[in-house]
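Written out below as structure tokens is the structure these notes cover.
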Amino acid sequence: MHILVINCGSSSVKSEIINTISGDRILEMNIHRILDTPIIECDGEEIHCEKTGHDFVLNKAFPLLLQKIGDITINAIGHRVVHGGQAFDEPVMITNEVKKAIEELNPLAPLHNPINLLGIQIAEQYFTDIPHVAVFDTAFHATLPRRAKTYAIPHTLSQKYNIQRYGFHGTSHEYVAKEAARFLNSNIKDLRIITCHLGNGSSMAAIEYGRSVETSMGMTPLEGLVMGTRSGDIDAGILLYLQQKENLSIKEIDDLLNKKSGLKGISGDTNDMRDIIEKAAQGDDHCRLAIQVFAHRIRKYIGAYSAVMGGVDVIVFTGGIGENSPMVRHRSTQRLDYLGAIINEDKNHDIHLSKDNPIGEFSWNHSKVKLLAIQTDEQLSIARQTEKLIQEDLKVNTIPPIPVAISARHIHLSRETLDQLFGEGYELTVKKPLSQPGQFAANETVQVIGPKNQFETVRILGPVRSKNQLEISRTDEFFLGIDAPIRESGKTENTPGCVLVGPKGKVQIHDGVICAWRHIHMTPQDAEIFGVVDRDIVDVKIQSDERSLVFGNVLIRVSPKYKLEMHIDTDEGNAAEIGKGATGVLYITTDGNAQLTKKKLKTV
Ligand code: ADP
């Protein structure tokens, strides 16, 4: 497909027609210095505008673009929108309601969303009869767990004003993480990746098995790393202190933090990393300090994010600085041997990324953690996400309802643990067959002891497996005093353990306690009907008598051995007020490797 991507920023606009398969640019139009001395560049032509401002300049630029497009077919337009708030966790077709929702988010991104929306509105006047899609910078981080997105302020205020960590640069983090997995011939869902997007604006993300679980920017793009002109993390007490000492207004504090801080503030000179590196080499101490503070903060976040994920497999550098500065990569990743990341200095210095060579590895072969520099391509990613949505919208679905089952806490045991708890060679006895073929609830139970409390009887599910796995709910977790991560079945690395007691013994298991990631079992035939593949992540609408509720982040598990069924835990069942016999309708598919996105509800 040919997608026109429009990235309408506060001082510049980038628009490109992109071939979504090859990534080739068919036509480009860039507008610079809109608020100052606007110049439109398109297909070799340069136009200087006599007036400033988005309204005037875009109304001049789009007719020119249309003229240059001539008979090139454009299938859709993808607009970059910075803030999707809580409303948008994936790309959407732009409608009047969507525009209204974007406008309502203006207070959360006053510098970006109003301009993004203006770009959409003006483009709609010229590009009629073509679908317009909004792709949000925040969407990829919608999977952040509550503990990562909650600020420690009174919850009444957080709720009243939707204050939470949203995170930004999502399109770039997602793109480079997927590219890293592709380069390493791995599935993104098997990797823990730290991505460092270092440009004028900088942020990092912890991407655990395909989902963003932490990111350094917060409710606004001000938090986190040191940036060109933004401070990143700062003790809020400093603001109160300066406000008193310097008698600063809100506007002045805003300017201080957003426009006068960061590299520019520390260097006292410039926000351009190239100049800072050059001046530092000539002996400028402020510039040296700017580089040190910049890299130190990245190192600090790498440590923090590997702690969050219980380790890291890949660290990716991208953005103008991450792609081009061996010095910053070196300073950020040296002495990470303790994590298993060993930098190869020669390779690091030899990296010269280009369109034909967009990925460079700079770790030693024996380094457990792979270090990569990857050229980001947010425009291509927006084009592909737009295409995905368009294709899905053209599909017609006949979707059968999915039976929903609520799993109470239970445990799977290995042969070895069963022997230790019940005696050598003990065989589990069947109490009741489960809906998944071959699986059964055993008559046997074990006692589970956590640091705080214990459960006297936890049902064992058979047959034995290669690893122990105790699946509990969030409520159970607090009761036992165990902090268990949300994992898909079988992924028990770096999870906590507990003590198990059976009639013949007591065993300390060192890992295996998880909160099961809600999931749907289905056969390959079902998967085809739903248009999903194994390990896609989808949303499911559950209809109960009282109300309906959408479960986000549901994992698809496909195997010929499975029977169509969605599994949620007791907490989730209670939250949805559903009991036995409920059914759900899968109506949105997002993420994953499948080249599709659905946003359709069709009950059968
Ligand atoms: P934006 O966030 O505006 O998209 P970019 O990703 O283009 O920014 O990154 C701009 C930053 O990258 C600038 O600070 C620039 O100095 C820096 N940069 C570009 N090339 C190099 C280089 N070779 N060495 C160090 N920094 C570089």
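Worth knowing before you read on, the calculation uses all heavy atoms, side chains too, and leaves out hydrogens, waters and symmetry mates. All ligand and atom numbering here is 1-based and tracks the order in the structure. Predicted, not measured: the structure shown is a model, and the values here were computed from it.
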Should Y209 and D313 be marked as a side-chain hydrogen bond (donor to acceptor under 3.5 Å, both in side chains) after you check the CA-CA gap, both sets of side-chain angles, and the distance that decides it?
-> CA-CA 10 Å; Y209 306 127; D313 303 303; 5.6 Å; no
Stepwise side-chain hydrogen bond (donor to acceptor under 3.5 Å, both in side chains) test for E323 and T318 = CA-CA 5 Å; E323 291 168 26; T318 190; 3.1 Å; yes
Can you tell me the protein heavy atom closest to atom 14 (O) of ligand 1 and the distance?
-> M273 N, 3.1 Å
For ligand 1, which atoms, with element, lie under 4.0 Å from some heavy atom of S325?
-> 24 (N), 25 (C)
Specify the protein heavy atom at minimum distance from atom 22 (C) of ligand 1: its residue, its atom name, and the distance to 0.1 Å.
-> N324 CB, 3.4 Å
Calculate, to the nearest 0.5 Å, the distance between atoms CD1 and NE2 belonging to I194 and H173 respectively.
-> 11.5 Å
Which ligand 1 atoms are under 4.0 Å away from a heavy-atom of I277?
-> 25 (C)
Would you say the ring centroid of H349 lies under 6.0 angstrom from that of H330?
-> no
Distance below 4.0 Å between atom 4 (O) of ligand 1 and any protein heavy atom?
-> no
Numbering as shown, the atoms of ligand 1 that approach G201 to under 4.0 Å (heavy-atom distance) | 2 (O)
With only distance considered, is G320 within less than 3.5 Å of ligand 1 through an N or O on each side?
-> yes
Criterion side-chain hydrogen bond (donor to acceptor under 3.5 Å, both in side chains) on R329 and N348, from CA distance to verdict | CA-CA 8 Å; R329 291 194 299 260; N348 182 35; 2.7 Å; yes
Please work out which of the three classes, parallel, tilted or perpendicular, describes the rings of F127 and F62, given edges at 30° and 60°.
-> perpendicular
Ligand 1 N/O within reach of N200 N/O, cut-off under 3.5 Å | yes
Option from E104, E103, E97 for which salt bridge (charged side-chain N to carboxylate O under 4.0 Å, His left out) with K100 holds | E104
Ligand-residue contact atoms, ligand 1 with G199, heavy atoms, under 4.0 Å = 2 (O), 5 (P), 6 (O), 8 (O), 9 (O)
The atoms of ligand 1 lying under 4.0 Å from a heavy atom of N271, numbered in the order shown, are 14 (O)
Could you label the plane-to-plane angle of the H83 and F168 rings as parallel, tilted or perpendicular, counting under 30° as parallel and over 60° as perpendicular?
-> perpendicular
Would you say ligand 1 has an N or O under 3.5 Å from any N or O of D272?
-> yes
Gap between atom NZ of K68 and atom CG of L27 - 0.5 Å precision | 8.5 Å
Numbering the atoms of ligand 1 from 1, which are under 4.0 Å from a heavy atom of G319?
-> 6 (O)
Atom 11 (C) of ligand 1 [closest protein heavy-atom partner, distance rounded to 0.1 Å] = I321 CG1, 3.7 Å
